[in-house]
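One is the number of the first residue; the rest follow in order along the sequence.
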Amino acid sequence: MTRRQPLVAANWKMNGALQTVRPLIAGVLAGVADGIPAEVAICPPFVYLPEVGRALQGSRVALGAQNVSEHAAGAHTGEIAAAMLMDLGCKYVIVGHSERRHIYGETNVIVAGKFVSASRAGLIPILCVGEELSDREAGQTEEVVANQLDAVIQAAGIGSFAAAVVAYEPVWAIGTGKVATPDQAQQVHAFIRLRLARHDTGIADRLRILYGGSVKAGNAKELFAMADIDGGLIGGASLQAEEFIGICRAAE
Ligand code: PEP
């Protein structure tokens, strides 16, 4: 069986201020210095990337962004290009988060464009996929996730998944306190791996698939113990250093 190094990535969303960023990063760095088996990444809001990037320099913690434009440069007011994120030292970028899909109308085609522009620039996209509660209740979880994946495979090619991460985030579990059971999550993670294996078994086998949705220090261990769960994408619980480090410690 392929050994995949777990990744725990913090998605701060639109939270924080200069005064809160500094102590939060200091807390995370202190926890990581104690020894964490997982790779750790922090995705702050765009405006705090330089500040967080400086604080992370020389540490084992990677910098990531929460979004990226599908365009390379030019007349796109308010957008941020992948090359700019590279300039600031980002390694990762989240694409297709459900809040981007559902609040800002990002379609599978737009998300695929963002994945392509991130990959081309040398960033590692963290591609978020996941069903809404109504999809799950209608028995359409796999169909929804397959469509989200297939749009990206078609646009970017399976080869680009060699330097990508997928995050399975059931929309009904994000920020709701309702966490998927380890079995529910494992079932979809295995499905995702299988879907990619139709194109390339080696890439599918090496791909890290994170779980996201109300992960806390108290429930992380049982989720991360599942065969196809390779870490987590953490929203609310990543805003408290101690809680976040507790989650990182659970990823062995
Ligand atoms: C997320 O925003 O990706 C997420 C999983 O949020 P939360 O952990 O708060 O559910």
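The structure places CZ of Phe46 at 10.0 Å from CG of Leu88, a figure rounded to the nearest 0.5 Å. Interatomic distance, OG of Ser160 versus CD1 of Ile124, reported as 12.0 Å (0.5 Å rounding). For the atom pair Gln184 CD and Leu223 CG, the distance stands at 10.5 Å (nearest 0.5 Å). Taken to the nearest 0.5 Å, the CD1 atom of Ile126 stands 10.5 Å off from the CD atom of Gln66. For the atom pair CG (Leu63) and SG (Cys90), the distance works out to 4.0 Å, reported to the nearest 0.5 Å. Rounding to the nearest 0.5 Å places CG of Leu196 at 8.5 Å from CD1 of Ile203.
In this structure a side-chain-to-backbone donor-acceptor pair under 3.5 Å is present from Tyr211 to Gly213. In terms of modelled atom types and a separation under 3.5 Å, the side chain of Arg136 and the main chain of Thr141 share no donor-acceptor contact. At least one donor-acceptor pair under 3.5 Å links the side chain of Thr176 to the backbone N or O of Trp172. Here the side chain of Arg60 pairs a donor or acceptor atom with the backbone of Ile36 at under 3.5 angstrom. Checked by atom type and distance alone, the side chain of Arg195 never pairs as donor or acceptor with a backbone atom of Ala190 at under 3.5 Å. His97 places a side-chain N or O within donor-acceptor distance of the main-chain N or O of Glu99, the cut-off being under 3.5 Å. Distance alone, capped at 3.5 Å, places no donor-acceptor pair between the Ser69 side chain and the Ala82 backbone. For Asp230 (side chain) and Ile209 (main-chain N/O), a donor-acceptor pair under 3.5 Å exists by modelled atom type. Proximity of a side-chain donor or acceptor of Arg208 to a complementary backbone N or O of Gln5 within less than 3.5 Å is detected. One N or O on the side chain of Arg4 and one on the backbone of Asp205 form a donor-acceptor pair closer than 3.5 Å.
Paired with Ile80 under the rule side-chain contact (heavy atoms from CB on, under 4.5 Å), one option of Val68, Leu85, Asn67, Leu49 passes, and it is Leu85.
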Are Tyr92 and Glu39 close enough, and set up right, to give a side chain to side chain donor-acceptor pair (under 3.5 Å), and what steps lead you there?
CA-CA 12 Å; Tyr92 293 101; Glu39 184 186 359; 2.8 Å; yes
Walk me through it: do Glu106 and Lys114 pass the test salt bridge (charged side-chain N to carboxylate O under 4.0 Å, His left out)?
CA-CA 10 Å; Glu106 289 187 9; Lys114 292 184 173 211; 2.7 Å; yes
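Taking the six-membered ring where the residue is Trp, His71 and His76 present parallel rings, their angle staying beneath 30° rather than reaching 60°.
Residue-environment remark: CD (Glu79) exceeds the threshold of 12 foreign heavy atoms within 6.0 Å.
Applying the salt bridge (Lys or Arg N to Asp or Glu O under 4.0 Å) test to Asp34 and every residue at least two apart in sequence or in another chain returns Arg249. Under the side-chain hydrogen bond (donor to acceptor under 3.5 Å, both in side chains) criterion, Trp12 pairs with no residue at all, not counting sequence neighbours.
Counting heavy atoms from C-beta outward, Leu210 and Phe224 have side chains that stay 4.5 Å or more apart. Between Lys91 and Leu123 the shortest side-chain heavy-atom distance does not fall below 4.5 Å.
Residues Phe115 and Ile153 are members of one and the same hydrophobic cluster, defined by side-chain heavy-atom contacts under 4.5 angstrom among Ile, Leu, Val, Met, Phe, Trp and Tyr. Both Ile158 and Ile192 belong to a single network of hydrophobic side chains, linked directly or stepwise wherever heavy atoms of I, L, V, M, F, W or Y lie under 4.5 Å apart. Ile103 and Val111 fall into different hydrophobic clusters, defined by Ile, Leu, Val, Met, Phe, Trp and Tyr side-chain heavy atoms under 4.5 Å apart, directly or through other members.
Asp228 and Gln186 share a donor-acceptor pair across their side chains, judged by distance under 3.5 Å alone.
The two atoms that bring Cys128 and Leu233 nearest to each other are SG-CD2, 3.7 Å, heavy atoms only.
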